[in-house]
Amino acid sequence: AILHTAYKLYPDKTAITTEHATFTYRELFLYTRQLACWLTQHNLIAQKQKVAITGENSPALIFTIFASALLGADIYLLYAQMTTTPLNAITDKFKFHVLFYDDQSNSELQTSTNRDCNILSLAQCFDSARKQINPDKIKSFKIKGYSFNKLVVLTSGSTGTPTAAGRKASVNNYLQVFLALFKQLKLYTYDSLYLAPPLYHGFGIATLCISLLLGKQTFISSGFDTIRACRLISRHKIQVMTLVPLMIQRMIEQDVDSLS
């Protein structure tokens, strides 16, 4: 619903920008459907199945989250730097049907021996969908009225043992945050936003959804690097930043002039 609404309202506006690529709202909507079509064609995701996704912020991560939601899956977002052993333990505990991983931060998952879960590369799946699914098929691709049941953020917790922080798939969960950003911060008056927190953080995924609903140009990067973040903000004249306090402190100490 978020992507469809944004696509109808702002089709040709820039939606997502990284250091290497830019996607309009039209492309965000169509590529998500293209990936959903590919996943369905290969019988990888079905309604109400548990889908785990781990990785740093990237277009492939965003497309996979929305494509999984489109197909009616229950989505579990995992800490990106989690190693194979705890990941296998979590997979056994939650009985994931599919686990999507980031080639850069979780490359060792390629050698995982977990046979009860399909382990797939985010980037490879997205690239395969772009190459194998004819854009004309997207028009005939029918969604059977699915709605994903929940979004779960698996936090590391103080003990290091992942804890599930679930959210039902309802706009009401983001309504208060949306209204606060809309009225108090007047977010609607700005055009660009830098999303620093990872999407596997509850604040990160909530900010992304709100930014897309408002038709903003959202800048993302793989992992947080103080120097790169300062340069990105300065070069693109980004108007709004979403960060945790430690990130702000590091950026001020690094290059306060770039934030002015």
Next on the checklist: Test side-chain contact (heavy atoms from CB on, under 4.5 Å) on Met251 and Leu243; report intermediate values, then the result.
Outcome noted: CA-CA 10 Å; Met251 292 178 71; Leu243 312 100; 3.3 Å; yes
Item to check | Point-to-point distance, once rounded to the nearest 0.5 Å, from CD1 of Ile62 to CG of Leu3 | outcome: 9.5 Å
Item to check | Any donor-acceptor pair under 3.5 Å from Ser234 side chain to Cys230 backbone | outcome: no
Next on the checklist: Measuring from atom CD of Gln34 to atom OG of Ser128, what distance do you get when rounded to the nearest 0.5 angstrom?
Outcome noted: 11.0 Å
Item to check | Gap between atom OG1 of Thr24 and atom CD1 of Ile16 - 0.5 Å precision | outcome: 10.5 Å
Next on the checklist: Do Ile53 and Leu78 have side chains that approach each other closer than 4.5 Å (heavy atoms only, starting at C-beta)?
Outcome noted: no
Checklist entry - For the residue pair Val98 and Cys117, what are the closest heavy atoms and their distance? => result C-SG, 3.7 Å
Checklist entry - Just how far is it from atom CG of Leu151 to atom CD1 of Ile65, taken to the nearest 0.5 Å? => result 7.5 Å
Item to check | Atom pair CG/NZ of Leu9 and Lys13 - distance to nearest 0.5 Å | outcome: 9.5 Å
Item to check | Asp74 side chain reached by Gln49 side chain, heavy atoms, under 4.5 Å | outcome: no
Checklist entry - Side chains of Ile75 and Val152: closer than 4.5 Å at any heavy-atom pair? => result no
Checklist outcome for this item: By ring-ring contact (aromatic ring centres under 6.0 Å, His included), Phe126 pairs with (sequence neighbours left out) Phe63
Item to check | Which atom of Phe66 lies closest to which atom of Leu208, heavy atoms considered | outcome: CE1-CD2, 4.2 Å
Checklist entry - Does any non-hydrogen side-chain atom of Val51 lie less than 4.5 Å from one of His97? => result no
Checklist entry - Is there side-chain contact between Leu61 and Asp102, with at least one heavy-atom pair below 4.5 Å? => result no
Checklist entry - What's the shortest heavy-atom distance between Ala67 and Thr32, and which atoms? => result N-CG2, 3.5 Å
Under 3.5 Å, sequence neighbours excluded: what are the donor-acceptor pairs made by side chains of residues 210-225?
{"unit_1": "Ser211", "atom_1": "OG", "unit_2": "Thr218", "atom_2": "OG1", "d": "2.6"}
{"unit_1": "Lys216", "atom_1": "NZ", "unit_2": "Leu187", "atom_2": "O", "d": "3.4"}
{"unit_1": "Lys216", "atom_1": "NZ", "unit_2": "Tyr188", "atom_2": "O", "d": "3.1"}
{"unit_1": "Lys216", "atom_1": "NZ", "unit_2": "Tyr190", "atom_2": "O", "d": "2.4"}
{"unit_1": "Gln217", "atom_1": "NE2", "unit_2": "Thr17", "atom_2": "OG1", "d": "2.8"}
{"unit_1": "Ser221", "atom_1": "OG", "unit_2": "Gly223", "atom_2": "O", "d": "3.2"}
{"unit_1": "Asp225", "atom_1": "OD2", "unit_2": "Ile227", "atom_2": "N", "d": "3.3"}
{"unit_1": "Asp225", "atom_1": "OD2", "unit_2": "Arg228", "atom_2": "N", "d": "2.9"}

Checklist outcome for this item: Hits for side chain to side chain contact (heavy atoms under 4.5 Å, CB included) against Thr242, two or more places apart or cross-chain, chain-then-number order -> Leu193, Leu195, Pro197, Phe203, Thr207
Checklist entry - Is there side-chain contact between Leu71 and Gln47, with at least one heavy-atom pair below 4.5 Å? => result no
Next on the checklist: With heavy-atom distances below 4.5 Å as the criterion, would you say the side chains of Phe100 and Leu39 are in contact?
Outcome noted: yes
Checklist entry - Please walk me through it: do Tyr194 and His236 pass side-chain contact (heavy atoms from CB on, under 4.5 Å)? => result CA-CA 10 Å; Tyr194 172 50; His236 295 281; over 6 Å; no
Item to check | Closest heavy-atom pair and its distance - Gln41, Ile133 | outcome: OE1-CD1, 3.6 Å
Checklist entry - Between His42 and Gln132, is any pair of side-chain heavy atoms under 4.5 Å apart? => result yes
Checklist entry - Does Ser121 have any side chain to side chain contact (heavy atoms under 4.5 Å, CB included) partners at least two apart in sequence or in another chain, and if so, which? => result Tyr101, Asp103, Ala123, Gln124
Checklist outcome for this item: In terms of heavy-atom contacts, Arg26 and Asp12 come closest through NH2-OD1, 2.8 Å
Checklist entry - What is the minimum heavy-atom distance between Pro198 and Asn57, and which atoms define it? => result CA-OD1, 3.3 Å
Checklist entry - What about Ile248 and Leu246, same hydrophobic cluster or not, with Ile/Leu/Val/Met/Phe/Trp/Tyr joined at side-chain heavy-atom distances under 4.5 Å? => result no
Item to check | Verdict with supporting geometry, Leu99 and Asn118, side-chain contact (heavy atoms from CB on, under 4.5 Å) | outcome: CA-CA 6 Å; Leu99 190 155; Asn118 291 314; over 6 Å; no
Item to check | Value rounded to 0.5 Å, distance of CG in Asn43 from CD1 in Ile45 | outcome: 11.5 Å
Item to check | Partners passing ring-ring contact (aromatic ring centres under 6.0 Å, His included) against Phe29 (at least two apart in sequence or in another chain) | outcome: His4, Tyr7
Next on the checklist: Going by ring pair (Phe, Tyr, Trp, His ring centres under 6.0 Å), name the pairs with one or both residues in residues 240-259, residues two or more places apart or in two chains.
Outcome noted: none
